[in-house]
Every structure is written in structure tokens, then in C-alpha cells.
Participant: 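Quick one: the structure is below, questions incoming.
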Amino acid sequence: MAGDGRRRRLPLSLRRNAVAWERQRPTWRDAKPALIAGALKRAQARPSGNWYVVGSSRDVGGGPARGPAGAGPVGVVLRHTGGRVVGGAGVWPPLGGALRDSPVRCGTLVCHWHGLSLDGGPFAGWEPFPAYDDGVLVWVRLDAVGGEEPLDAPVVPSRPVPARALTAVYAGVGVCEPEDVVANRLDPWHGAWFHPYSFVDLTVADTPESAGEDAFAVDVSFKVAGRLVVPVRAVFTAPEPRTVVMHITEGEGVGSVVETHATPLGPDASGRPRTAVVEAVVAASDRRGFALARAAAPVLRPLVRAASGRLWRDDLAYAERRWALRSTGRFPGA
């Protein structure tokens with residue numbers, strides 16, 4: 001098991017009895033469609049307050065307005081003077097001016113079509129959406145899209161304090177719906193088979209059926225190089241309909257989280273749904289050397305994003321395949 005209560009002097013372990021990929025224990029009997037579907041259904045029933053993740057806090061600055069990987073109606077997200085984050089439609093309603101391509105000057109968005117200046121408040125037919133910056137991610141509340149009872153703030157997962165953590169955010173887009181992304185994360189059994197370059201020795205220790213709580217507990221080793229691995233216990237939960245969180249509860253980096261957020265983007269040119277995946281890695285450690293990792297964050301962040309991107313090239317193929325089967329009535333899952 002990943003966490004036997006003893007602290008390793010080094011975070012790495014050596015796999016002494018490594019098993020080849022094709023000889024690892026099959027997991028297809030354990031990955032019961034009804035179990036995954038039940039966890040997904042319960043996640044979809046939890047309140048979100050109509051909040052949607054639109055991107056990294058780090059990417060929303062005082063520069064040119066841009067439409068990050070966010071919900072379809074959100075065309076611009078910008079940070080006004082004083083640090084306040086504002087989101088809104090990417091067009092000016094009367095003439096359709098392209099606000100998402102317009103610059104920000106002194107905290108004010110200036111439409112480059114006719115000079116309309118927006119300071120974050122409603123003006124000349126343009127209405128802002130409620131926005132929230134949690135220090136890692138930016139959320140926008142879209143009441144017309146979500147249709148739920150609004151909440152004053154999003155359901156932000158428990159995570160390490162960003163100032164004492166190494167954070168990195170990956171964003172990608174797939175042809176699927178948010179539920180397909182969430183279902184991917186609620187299938188922990190595929191990890192060592194589908195991602196052998198990252199995960200080995202994976203065992204699902206607890207499920208919602210066996211644990212008495214709505215969580216999947218997984219003992220797994222993250223591959224570093226060769227037979228060097230980092231063994232941990234990871235617990236997956238879904239605190240709201242479009243979010244799955246992996247908490248490291250035992251082993252190296254206890255308290256670290258990986259948050260996966262799925263945000264609908266609207267249809268593509270062929271009418272197929274698009275979904276943005278925004279994944280935040282918030283890593284923490286009480287090892288003295290971790291301060292060096294935080295200091296090297298500008299160098300490490302692109303590496304963490306690249307690792308997330310490699311995983312999501314596979315996992316978006318999973319989600320897209322699931323949507324393609326569902327949309328044609330061929331999905332065999334419960």
C-alpha cells in the first residue's frame with residue numbers, strides 16, 4: 001500500500017518486482033458501468049450554483065482581453081484596476097463589436113471598433129457576469145446556462161494554500177459533453193492500462209459501494225524514470241456536477257490535489273458539443289527541498305502542463321468516444 005505510515009527519506013521508490021504492461025492484473029471486471037454511472041449521477045445532482053471554470057488566475061491579467069477556455073457565452077475575462085475579475089459577452093450587442101479582440105487600457109476594456117469603454121459595470125447594452133478568482137482558477141456564474149439556484153461563490157475544492165504550493169493549470173478542448181469528462185475521471189480502473197507512461201501498480205482500494213462514502217480510493221505509483229516511482233494513495237471525489245478532485249491522502253505530497261473541471265463551450269461548426277477541460281495541479285510538500293521547487297515554478301509549470309496534456313490527449317479520446325457512442329445510441333454503459 002502507498003502509505004504505511006512511515007516517512008521515506010527520499011520520495012522515490014524502486015519497483016523491485018515490476019510487472020510488464022500486458023501481464024498486469026486486468027481491471028475490466030471491476031470497472032462496472034453501473035458503479036461509474038451511479039457516481040456520475042450523484043455528481044450531477046450536486047449544486048454548482050451555475051459557476052463555471054473559465055481558466056487560470058495567472059492568465060487573467062491587465063493585458064488584452066481574451067476569451068479563455070470558458071463557457072460559450074463568456075467571450076472576455078479581464079482583470080480591472082484593483083485586481084477585480086470581470087467576465088462578459090465577447091460582443092457589444094448593438095453592432096456586434098468584437099470585444100474579445102479589444103485591448104485593455106488602465107483596467108478598462110476599449111472596443112477597437114468604435115471606442116466603447118467598459119470599466120466592468122453594465123453599460124450601453126453590455127452586461128457583466130458575476131466572476132470569482134479563487135487564487136488558482138477563475139470562475140464565471142452563468143445563471144441562464146446553468147438554470148440552478150445561484151450561489152454567491154463557486155464550490156471550490158479544499159486545496160493547499162496557493163502561496164505555499166506549486167500550481168500549474170492545463171486547458172484543452174474535446175468534442176464531448178462535461179459528463180463524458182467527469183465519467184472518465186470516475187473510472188480509476190483505466191489508469192495503468194491507458195496511461196502506462198505515467199501510472200503503474202494501480203489498485204482501486206475502495207469504491208462508493210465498499211467505502212460507505214462517495215469516493216474512489218486508489219493506490220498507485222507515479223512513474224518518474226525507469227523503475228523509479230512515487231507511490232501514493234489518491235482519493236477521487238466529485239464535489240459538483242462538472243468537477244472531479246484527486247486528493248493525495250497518503251505517501252509523498254499529502255494534501256496535494258489535482259482538480260479537473262469540465263466547462264461546456266457550445267457546438268462546433270458541425271453542431272457537435274465542445275467541452276473545455278481545465279485541470280489545476282496544486283502540489284504541496286513539507287520537505288525542505290520543496291521550497292526550491294516553488295522557486296523554480298516558472299520552469300516547472302510548463303513541464304507539469306505538458307504532463308497533463310499528454311494524459312489528456314488520451315483521456316479526451318476516451319471522453320470523445322463515450323460521447324460518440326451516447327449520441328448514436330450505442331453506449332453500452334448503464
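Since the structure is predicted, the reported quantities are computational estimates derived from the model, not experimental observations.
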Participant: Heavy-atom count around Arg42 CZ within 6.0 Å, excluding the residue itself: above 12?
Facilitator: yes
Participant: Thinking salt bridges, do Asp134 and Arg159 make one under a 4.0 Å N-O criterion?
Facilitator: yes
Participant: Can Glu279 and Thr260 be counted as having a side-chain donor-acceptor contact under 3.5 angstrom?
Facilitator: yes
Participant: side-chain contact (heavy atoms from CB on, under 4.5 Å) with Arg310: which residues, sequence neighbours excluded?
Facilitator: Tyr197, Arg313
Participant: Are Phe290 and Ile248 co-members of a hydrophobic cluster defined by side-chain heavy atoms under 4.5 Å apart?
Facilitator: no
Participant: Tell me yes or no: between the side chains of Arg242 and Thr263, is some donor less than 3.5 Å from an acceptor?
Facilitator: no
Participant: Do the rings of His190 and Tyr318 sit parallel, tilted or perpendicular, given the 30° and 60° boundaries?
Facilitator: tilted
Participant: With the threshold set at 4.0 Å, does a side-chain nitrogen-carboxylate oxygen contact exist between Arg25 and Asp30?
Facilitator: yes
Participant: Do Val156 and Trp139 have side chains that get closer than 4.5 Å, going by heavy atoms?
Facilitator: yes
Participant: For Ser48 and Glu148, run side-chain hydrogen bond (donor to acceptor under 3.5 Å, both in side chains): C-alpha distance rounded to whole Å, both residues' side-chain angles, the deciding distance at 0.1 Å, then the answer.
Facilitator: CA-CA 8 Å; Ser48 73; Glu148 299 179 24; 3.0 Å; yes
Participant: Salt bridge or not for Arg274 and Asp268, using N-O below 4.0 Å?
Facilitator: no
Participant: Taking the six-membered ring of Tyr132 as reference, does the cationic atom of Arg141 (NZ for Lys, CZ for Arg) lie under 6.0 Å from its centre and within 45° of its axis?
Facilitator: no
Participant: Kindly indicate whether the side chain of Phe129, heavy atoms from C-beta on, has any atom under 4.5 Å from the side chain of Leu142.
Facilitator: yes
Participant: For residues Trp113 and Leu95, report the shortest heavy-atom separation together with the two atoms involved.
Facilitator: CZ3-O, 3.5 Å
Participant: Less than 4.5 Å apart, any side-chain heavy atom of Trp51 and any of Pro130?
Facilitator: yes
Participant: Within the structure provided, determine whether Arg15 and Ser13 are in side-chain contact (heavy-atom separation under 4.5 Å).
Facilitator: no
Participant: Under 3.5 Å, is there a donor on one side chain and an acceptor on the other for Arg287 and Ser285?
Facilitator: no
Participant: Quick check: do Trp189 and Leu202 have side-chain heavy atoms less than 4.5 Å from each other?
Facilitator: no
Participant: In this structure, would Val254 and Val257 fall into the same cluster of hydrophobic residues linked by side-chain contacts under 4.5 Å?
Facilitator: no
Participant: Side chains of Arg233 and Asp206: does their closest heavy-atom pair fall under 4.5 Å?
Facilitator: yes
Participant: May I ask you to check whether over 12 heavy atoms, not counting those of Arg321, lie within 6.0 Å of atom CZ?
Facilitator: no
Participant: Got Leu99 and Leu109 here, is their nearest side-chain heavy-atom distance under 4.5 Å?
Facilitator: yes
Participant: Salt-bridge test for Arg185 and Asp187: reply yes if a basic N is under 4.0 Å from a carboxylate O, no otherwise.
Facilitator: no
Participant: After noting the C-alpha distance and the side-chain angles of Asp133 and Ser57, does the key distance pass the side-chain hydrogen bond (donor to acceptor under 3.5 Å, both in side chains) rule?
Facilitator: CA-CA 6 Å; Asp133 183 352; Ser57 299; 2.5 Å; yes
Participant: To check you understand the geometry: which heavy-atom pair defines the closest contact between Arg84 and Val86, and what is its length?
Facilitator: NH1-CG2, 3.4 Å
Participant: For the residue pair Asp119 and Thr108, confirm or rule out a side-chain donor-acceptor distance under 3.5 Å.
Facilitator: no
